[in-house]
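Read through the structure below, which is laid out as structure tokens, and then see the notes.
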Amino acid sequence: QVRHIQYHANGSKLPPLVFTFDIDGVLLRGPHTIPAARRALDMLNGANPMGVKIPFILLTNGGGTHEEARRHKLSSQLGVEIHSNQIIQAHTILKSVVHKYAEKPVLVLGGRNDVVRKVAESYGFKHAYTTLDVLAWKPEAWPFHDLTPEERASTKAVDFSRIPISAIFVFHDPRNWSLDIQIALDVIRSRGIIGGPYIDTPEPEKPIELVFCNPDLLWKSDFPQPRLGQGAFRLAFQAVHEALVGAPYPYVQYGKPTTATYKFAEKVLRDRLEELAGGRVEEMPRVYMVGDNPESDIAGANGAGWPSILVKTGVYEEARGPPTHTPTYIAEDVEEAVRWAIDREM
Ligand code: G3P
Ligand code: MG
């Protein structure tokens, strides 16, 4: 007998549980769909003992493209319709802080060419610049990279000696760490005027805000070993800043496992459920998190009070010992994770 099926005005039924899925290492390996993912999503689509559709959202530290573009690609990769309000990428949370910077010049890092600039502009950043724009302005800013024709075509003509950058947002994983570390250092040490004099006195009255969106040191793509993530870029940047200035630079961190990102995910999940139920959801179903990275997925879910299920198809490798954060359950893959959680709620 299933407890707690909630019946709603529009005739919809909300089950006692919902899911938040990580993407890389759980549903996908690079461009490839993990076979268990399709079977898991079929269960959520109604093929389960509860006989109801079980809602879910996707919560990834990935990104570098607009949610709308990502959802189209995910829908074809997963074989189910993913709606744009079902996907939270590393930088989606920036929509909730853009009001502070909408009119100010900001530097945006990560992704290919100017895709991330376009994402930033779609969020409401009106003056978003890239490190490729800086190279187009003064190639001598970083002598070891020549813009490709494609990169040059993505740049904006800007005189950075007249544009005080107010903040740096690392939306996604930088493609050219050396260029991006150099320009980020120039912005921070010259108080926003790239090429201006370095002013390293501590605690400036209005410091340049430095915001990272993904703390992952590692992530699982389709290479046998995990790959370095944006967290590794942050460590590289901070090591160089400390070597030059004597201390790391203060920064804001978003992404799993931060509380800010999990709170943001709870809001997105509630909004999704209320859209499905056609009205207010009085009692939130239990949220199960399924992830492959103990540092981001399990730590964050445990912190949010969500039951957490660690799968063996990604970063976590059983042979290397117990996970650094203890999950509620360890499953072979996402299909077993979903089956276990449903059985647990029957
Ligand atoms: O850049 C992607 C990576 O850091 C992790 O992605 O989906 O496993 O959170 P995900
Ligand atoms: Mg993952």
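Values below: all heavy atoms of this structure, side chains included; hydrogens, waters and symmetry mates excluded. Order of listing sets the numbers, starting from 1, for every ligand and every atom in it. Bear in mind that the values here come from a model prediction, so they are computed numbers and not experimental data.
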- [ ] Say whether Tyr288 and Arg344, considering side chains only, have a donor N or O and an acceptor N or O under 3.5 Å apart.
- [x]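 Result is yes, a qualifying pair exists.
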Task: Short side-chain donor-acceptor distance under 3.5 Å, Thr130 and Asp114 - done: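 No.
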Give the numbers and elements of all ligand 1 atoms closer than 4.0 Å to a heavy atom of [X].
X	answer
Ile23	7 (O)
Thr60	6 (O), 7 (O), 9 (O), 10 (P)
Gly62	1 (O), 2 (C), 6 (O)
Trp219	2 (C), 3 (C), 4 (O), 5 (C)
Asp24	2 (C), 5 (C), 6 (O), 7 (O), 8 (O), 10 (P)

TODO: Could you see which bit of Asp216 sits under 4.0 Å from ligand 1, with heavy atoms only: side chain, backbone, both or neither?
DONE: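 Side chain only.
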Task: ligand 1 versus Asn214: contacting region, heavy-atom distance under 4.0 Å - done: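 The answer is the side chain of Asn214.
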Open item on the list: Measuring from atom 1 (O) of ligand 1, which candidate in Ile88, Asp173, Leu228, Leu218 has the nearest non-hydrogen atom?
Closed with: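 Looking at heavy atoms only, Asp173 sits closest to atom 1 (O) of ligand 1.
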Open item on the list: Checking the N or O distance criterion of under 3.5 Å, is ligand 1 in contact with His172?
Closed with: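 In fact, backbone or side chain, His172 has no N or O that close.
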Task: Top protein contact for atom 10 (P) of ligand 1, by heavy-atom distance - done: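 Answer for atom 10 (P) of ligand 1: Asp22 OD1, 2.8 Å.
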Open item on the list: Can a donor-acceptor pair be found, under 3.5 Å and without considering hydrogens, that links the side chain of Asp186 to the backbone of Gly195?
Closed with: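 Checked: no pair found.
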Open item on the list: Tell me whether Asp297 contacts the main-chain N or O of Asn293 through its side chain, where contact means a donor paired with an acceptor under 3.5 Å.
Closed with: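 Flag set: sc Asp297 to bb Asn293 pair under 3.5 Å.
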Is the shortest distance from a heavy atom of [X] to ligand 1 less than 4.0 Å?
X	answer
Gly229	no
Gln230	no
Asn293	no

Do [X] and [Y] sit within salt-bridge range, that is, some charged N less than 4.0 Å from a carboxylate O?
X	Y	result
Lys312	Asp333	no
Arg272	Glu275	yes
Glu121	Lys156	yes
Glu266	Arg270	no

TODO: With rounding to the nearest 0.5 Å, note down the distance linking CD1 in Ile87 to CD1 in Ile57.
DONE: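 Answer for the CD1-CD1 pair, Ile87 versus Ile57, is 10.0 Å.
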- [ ] Would you check, one step at a time, whether the test ring pair (Phe, Tyr, Trp, His ring centres under 6.0 Å) holds for Phe19 with Phe21?
- [x] CA-CA 6 Å; Phe19 287 90; Phe21 292 115; 5.4 Å; yes
Task: N, O or S atoms of the protein lying under 2.8 Å from the Mg ion (ligand 2) - done: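 Asp22 OD2, Asp24 O, Asp292 OD1, with waters left out.
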Open item on the list: Less than 6.0 angstrom from the centroid, inside 45 degrees of the normal: does Lys267 satisfy that with respect to the ring of Phe264?
Closed with: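 Negative - Lys267 is either too far from the ring of Phe264 or too far off its axis.
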Task: Option from Ile163, Val187, Val158 for which side-chain contact (heavy atoms from CB on, under 4.5 Å) with Pro105 holds - done: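 The side-chain contact (heavy atoms from CB on, under 4.5 Å) with Pro105 is passed solely by Ile163 among Ile163, Val187, Val158.
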